[in-house]
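Quick notes on the structure that follows.
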Amino acid sequence: MNKKLNIVFMGTPEFAETALKALLPIHNVIAVYTKEPKPVGRKMILTKSPVHECAIQNNIPVYTPKTFKDEAIVNQLKGLNPDMIIVAAYGKILPQNVLDIAKFGCINIHASILPKLRGANPIQRSIINGDTITGITIMKMDAGMDTGDILLQEETEISNTITYKELENKLSEIGAKLILKYIDNMGSIKPIKQDDTRATLAPKLQKEEAIINWNNTANQIHNLIRGLSPHPYATCYHNNNPLKIIKSEVVNDTHNFEPGTILNKNMDIACGNNTILRILEIQKIGGKKLPIKDFLNGYKIEINEKLQ
RNA sequence: CGCGGGAUAGAGCAGUCUGGUAGCUCGCAAGGCUCAUAACCUUGAGGUCAGUGGUUCAAAUCCACUUCCCGCAA
């Protein structure tokens, strides 16, 4: 099965770029679709997506349509006559008439073991939920949100120290590997319907979810901190002063203080259900990320004070 | 010109408003105490106060510009 496919690749962030890079040397990527460059950073500089940059470097035509509701956009895609459309974290919904274009269909690389964690942020959600297993699903797309038939899956463990970014990197490698495997074996792979009754959702993260509630257990808070690292980071407040918690660990001990209380100079914080979380790395507004020891050298904070 | 914070010893900060001897907490070095220590005590080294120009008898401090770092928002 060594025939080269003509592939249209649709994706946006680094997670997708890994898959694109894996496809490039083996198949014929005839076009890349990605989100349009958007203003980023303090100076609002128009920035191209990682997939966009990668495509330019490899001299692949890039399209950044705002929507596929426009028939001209769809016809243009049709004109490319792709064998297969591969989608990875593209961030746009594809209507049925797009899904039908390619001979071998629209294949999606999704970062969860479907039907679990359907939706926009499966990687962060898996960590925040405290899951110990996640993985990659290669799926034949249909009009629903991550509801298509399952083609291939591979699980991976979520260690209790891994962060969102680290897990994403790990999953992107698996995704790249699995999509190649699928193409190689597509003739012998039978699609499996998803069991909708077991489906769970991984909706887009909301801003308020990043605020730490010290009434939760140390484990839950630790998972939130990991799941939101390196962006946007879990936040708490000391005297109305926002502090981002970069890194933490659960302390195997108990306490009898109100949640949020600072227990000692290690920055062990009282959490719900008498659990304890140790803050290892922190960042204040306008400051750099600091190990807790350096942070405490300059920041006035006392034992028995409370974080909100 | 999206809004805002910052640059002072190896690290983190105060001092800047109100110009006049360079400070704090740590780290580092030496010595002491100790069975011992990351604990405690004593002493010490370590600074072009981001850069350039200006005001002034005098600038970390006031004014102008430059560079770099960070948070928000997207």
Side-chain angles (χ1 to χ4, degrees), chain A residues 10-17 33-54 62-67 89-93 119-121 123-125 128 163-166 168 202-214 221 224-253 260-269 276-308:
Chain A
M10 300 183 175
T12 299
E14 280 174 54
F15 174 80
E17 186 192 6
Y33 281 67
T34 189
K35 275 196 182 170
E36 62 272 24
K38 57 177 183 178
V40 155
R42 286 171 204 102
K43 303 204 164 138
M44 302 302 273
I45 295 165
L46 270 187
T47 306
K48 298 181 177 77
S49 75
V51 164
H52 197 148
E53 293 289 357
C54 180
V62 178
Y63 301 93
T64 59
K66 284 203 169 64
T67 172
Y90 180 34
K92 288 191 189 298
I93 292 172
N121 291 121
I123 306 175
Q124 289 100 322
R125 292 287 177 194
I128 294 169
T163 63
Y164 157 58
K165 193 69 196 170
E166 291 163 353
E168 183 186 79
K204 212 171 163 184
L205 287 156
Q206 300 300 312
K207 220 171 74 178
E208 315 83 64
E209 295 182 74
I211 295 169
I212 291 172
N213 177 357
W214 294 107
I221 296 168
L224 181 71
I225 291 164
R226 295 188 295 134
L228 299 181
S229 166
H231 184 79
Y233 288 118
T235 302
C236 66
Y237 293 85
H238 171 248
N239 294 335
N240 294 321
N241 196 11
L243 298 172
K244 292 188 167 202
I245 311 301
I246 310 303
K247 204 172 170 194
S248 64
E249 71 183 9
V250 175
V251 177
N252 194 11
D253 204 350
T261 306
I262 298 162
L263 299 174
N264 55 38
K265 282 183 289 188
N266 288 329
M267 281 297 267
D268 289 346
I269 311 296
I276 299 176
L277 188 74
R278 179 169 298 168
I279 297 173
L280 299 176
E281 207 174 326
I282 198 167
Q283 180 177 32
K284 68 173 180 182
I285 292 295
K288 296 184 179 182
K289 301 171 181 64
L290 291 177
I292 201 66
K293 196 170 181 180
D294 289 339
F295 173 77
L296 291 175
N297 271 336
Y299 190 87
K300 299 274 179 290
I301 193 165
E302 302 293 335
I303 293 169
N304 282 327
E305 277 192 89
K306 273 201 203 120
L307 300 175
Q308 299 101 43

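Quick note on labels: first sequence line is chain A, next is B, and so on, each numbered from 1. Everything quoted here is computed from the prediction, not taken from an experiment.
Regarding H238(A), its NE2 atom lies at a distance of 21 Å from the P atom of G71(B), rounded to whole Å. Rounded to an integer number of Å, the gap from CE of M44(A) to P of G4(B) is 15 Å. Look at CD1 on I292(A): it is 16 Å from P on C26(B), rounded to the nearest Å. Distance NZ (K207(A)) to C1' (A74(B)): 11 Å, rounded to an integer number of Å. The distance between atom CD1 of I285(A) and atom C1' of C3(B), rounded to the nearest whole Å, is 13 Å. Per the geometry, NE2 belonging to H231(A) stands 12 Å off C1' belonging to G71(B), to the nearest Å. If you take CD1 of I282(A) and C1' of C70(B), they are 15 Å apart, rounded to a whole angstrom. One interatomic measurement links the two molecules: CG of L243(A) to P of C72(B), which rounds to 13 Å at whole-angstrom precision.
Partner of E209(A) under the side-chain contact (heavy atoms from CB on, under 4.5 Å) criterion, out of N213(A), I211(A), L205(A): L205(A) alone.
Q283(A) has no side-chain polar atom (N or O) that falls below the 4.0 Å cut-off from OP1 or OP2 of C70(B). Contact check, K293(A) against A38(B): no side-chain N or O comes under 4.0 Å of OP1 or OP2.
For the residue pair E305(A)/H238(A), the side-chain donor-acceptor check at 3.5 Å is satisfied. In the model, Y299(A) has a side-chain atom that pairs as donor or acceptor with a side-chain atom of N241(A) under 3.5 Å. At a cut-off of 3.5 Å, with distance as the only test, a side-chain donor of T34(A) or S49(A) sits close to an acceptor on the other residue.
Nearer the 5' end of RNA chain B, as judged by each residue's closest nucleotide, is the contact made by K43(A), out of P232(A) and K43(A).
For R42(A) against G2(B), a side-chain-to-base donor-acceptor contact under 3.5 Å is absent.
Taking both residues in full, the closest heavy atoms of E36(A) and T64(A) are given as CA-CB, 3.7 Å, listed atom of the first, atom of the second, then distance. The shortest heavy-atom contact between L280(A) and E249(A) is CD1-OE1, 4.0 Å. For S248(A) against I245(A), the heavy-atom pair with the smallest separation is CB-CG2, 4.5 Å.
The 12-atom threshold is exceeded at NZ of K92(A), counting heavy atoms of other residues, nucleotides or ligands nearer than 6.0 Å.
When the P atom is used for both C69(B) and G12(B), the distance is 15 Å, rounded to whole Å. As rounded to the nearest Å, U21(B) and A58(B) have P atoms that lie 15 Å from one another. Only the P atoms considered, C68(B) is 35 Å distant from G27(B), to the nearest whole Å. Distance noted for atom C1' between C17(B) and C28(B): 35 Å (whole Å). Rounded to the nearest Å, the gap between the P atom of C3(B) and that of A45(B) is 47 Å. Comparing the same atom, C1', in U48(B) and in U37(B) gives a spacing of 40 Å after rounding to whole Å. When the P atom is used for both U8(B) and U18(B), the distance is 24 Å, rounded to whole Å. Distance check on atom P: G19(B) versus A11(B) gives 31 Å, rounded to whole Å.
Pair check for C40(B) finds G32(B); Watson-Crick or G-U wobble, both atom distances under 3.5 Å. Nucleotide G27(B) forms a pair with no other nucleotide shown, judged by Watson-Crick or G-U wobble geometry with both contacts under 3.5 Å. Under the Watson-Crick or G-U wobble criterion, with both distances below 3.5 Å, A7(B) is paired with U67(B). Pair assignment for C57(B) gives G20(B), based on Watson-Crick or G-U wobble hydrogen-bonding distances that are each under 3.5 Å.
No contact: K265(A) has no heavy atom under 4.0 Å from any strand. At a threshold of 4.0 angstrom between heavy atoms, the contacts of K244(A) are confined to the sugar-phosphate backbone, with no base atom among them.
Between K165(A) and E14(A) there is a salt bridge, with a side-chain nitrogen of the basic residue lying less than 4.0 Å from a carboxylate oxygen of the acidic one.
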remark   = Quick tally for nucleotides 7-13 of chain B: nucleotides whose base has a protein heavy atom under 4.0 Å get B, sugar-phosphate-only ones S, the rest -, giving ----BBS

